Amino acid sequence: MIALLIALSGPAVTFQSTEALDQLVERFAGAPIGAEGGARAAVDKRLKLAPCDAPQLSWRSPAEDAVVIRCQGPQQWRVFVAINALPKAAPTATTPAPVAAKVEFVIRRGDPVMLEVGAAGFSITREGLAMGDAAAGARVLVKTDDKRPPVAAIALAPGRAKLPGFGD
């Protein structure tokens, strides 16, 4: 009778061994649990993961601060194991950092500006007032009318700017 009850209760449920996962992580990382370069802690023994014949291990990122264990079987799962990351050597500077060249403004805030626009066969100019500083080729806001918002123009030379998109 007891044998019948055991047979009817179904097969015993088995789970992935967390100790086996700990050993895989130790071999992958090259250091034991708690050591520098090894797992910070053992895989949680309370995890009830489906059995996996061939777990796959990889680094989570180039920083090598965590190992990802994946099972690609019928019941897929993934576990992250934190690593006591080895300190990385600071990159050595072989060339000095480039020094930024001082920007020469061709238009300064408050300067009178001749705003130009044109295409094949026509050109229009309008006077305005620069609302900011700009180097040649940079954008600058130019106020042409007190009742309208400023327009964005491209600084060309001292006192000259053009509207972008016309005759380019």
Side-chain angles (χ1 to χ4, degrees), residues 21-22 24-44 46-47 49 52 55-73 75-168:
L21 295 178
D22 287 335
L24 287 172
V25 170
E26 186 174 327
R27 276 187 258 138
F28 182 79
I33 296 171
E36 194 170 305
R40 288 186 187 170
V43 175
D44 193 342
R46 296 173 291 180
L47 289 175
L49 302 169
C52 187
Q56 300 170 351
L57 282 76
S58 63
W59 291 110
R60 181 183 65 98
S61 70
E64 297 182 359
D65 58 350
V67 173
V68 181
I69 308 171
R70 287 185 178 85
C71 181
Q72 299 298 331
Q75 294 182 350
Q76 298 181 6
W77 50 262
R78 180 173 58 176
V79 174
F80 293 83
V81 178
I83 299 292
N84 289 323
L86 294 170
K88 301 289 182 188
T92 57
T94 57
T95 58
V99 177
K102 185 177 178 186
V103 177
E104 294 293 327
F105 296 119
V106 294
I107 297 177
R108 296 235 176 235
R109 181 181 180 160
D111 284 352
V113 176
M114 185 60 66
L115 192 57
E116 306 169 0
V117 64
F122 81 95
S123 70
I124 301 171
T125 58
R126 171 97 193 240
E127 290 181 355
L129 189 65
M131 303 302 293
D133 299 339
R139 299 248 179 192
V140 62
L141 290 177
V142 179
K143 183 89 168 157
T144 58
D145 189 354
D146 288 334
K147 297 177 185 174
R148 297 205 170 130
V151 295
I154 298 174
L156 298 175
R160 287 186 49 225
K162 72 173 184 168
L163 290 179
F166 293 94
D168 289 338

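Counting begins at 1 with the first residue of the sequence. This structure is a prediction, so every number in the text was calculated from the model and none was measured. Just so it is clear, the values below take in all heavy atoms, side chains as well, and ignore hydrogens, waters and symmetry mates.
Inter-residue side-chain proximity for Phe80 and Val67 is flagged as unmet; no heavy-atom pair is nearer than 4.5 Å. A heavy-atom distance below 4.5 Å is not found between the side chains of Glu116 and Leu163. Side-chain contact between Val113 and Val140 is absent, with no heavy-atom pair separated by less than 4.5 Å. Between Pro150 and Val142 the shortest side-chain heavy-atom distance does not fall below 4.5 Å. Counting heavy atoms from C-beta outward, Val68 and Val79 have side chains that stay 4.5 Å or more apart. Contact of the Leu141 side chain with the Val151 side chain is not registered, since no non-hydrogen atoms from C-beta on lie closer than 4.5 Å. With contacts defined as side-chain heavy-atom distances shorter than 4.5 Å, the pair Ile69/Phe28 does not qualify. Side-chain contact between Val117 and Ser123: absent, with no pair of heavy atoms (C-beta onward) separated by less than 4.5 Å.
Residues in residues 120-140 take part in these salt bridge (Lys or Arg N to Asp or Glu O under 4.0 Å) pairs, two or more places apart or across chains: Arg108-Asp133.
Heavy atoms only, all atoms of each residue included: Val106 and Ala155 are closest at CG2-CB, 3.9 Å. Between Pro164 and Ala152, the shortest heavy-atom distance links the atoms CD-O, 3.5 Å. Ala35 approaches Asn84 most closely through the heavy-atom pair O-ND2, 3.4 Å. Contact detail for Gly37 and Ala31: the closest heavy-atom pair is C-CB, 3.6 Å. The minimum heavy-atom distance between Gly38 and Ala29, with the atom names listed, is CA-CB, 4.5 Å. The two atoms that bring Pro55 and Leu21 nearest to each other are CG-CD2, 4.3 Å, heavy atoms only.
Rounding to the nearest 0.5 Å places CE of Met131 at 6.5 Å from NZ of Lys143. Atom-to-atom distance recorded for Arg70:CZ and Leu57:CG is 9.5 Å, nearest 0.5 angstrom. With values rounded to the nearest 0.5 angstrom, Leu129 atom CG is found 11.0 Å from Ile107 atom CD1. Distance check: Gln76 CD to Cys52 SG gives 9.5 Å after rounding to the nearest 0.5 Å. Annotation: the span from Asp22 atom CG to Leu24 atom CG amounts to 9.0 Å, rounded to 0.5 Å.
Legend: residues meeting side chain to side chain donor-acceptor pair (under 3.5 Å) with Glu26, ordered by chain and number and at least two apart, are absent. Arg78 is linked by a side chain to side chain donor-acceptor pair (under 3.5 Å) to nothing, counting only residues two or more places apart in sequence or in another chain.
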Salt bridge (charged side-chain N to carboxylate O under 4.0 Å, His left out) between Arg46 and Asp44, worked out: CA-CA 5 Å; Arg46 296 173 291 180; Asp44 193 342; 2.8 Å; yes
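The environment of CD in Gln75 is sparse: at most 12 heavy-atom neighbours from other residues, nucleotides or ligands sit within 6.0 Å.
Checked by atom type and distance alone, the side chain of Asp111 never pairs as donor or acceptor with a backbone atom of Gly159 at under 3.5 Å.
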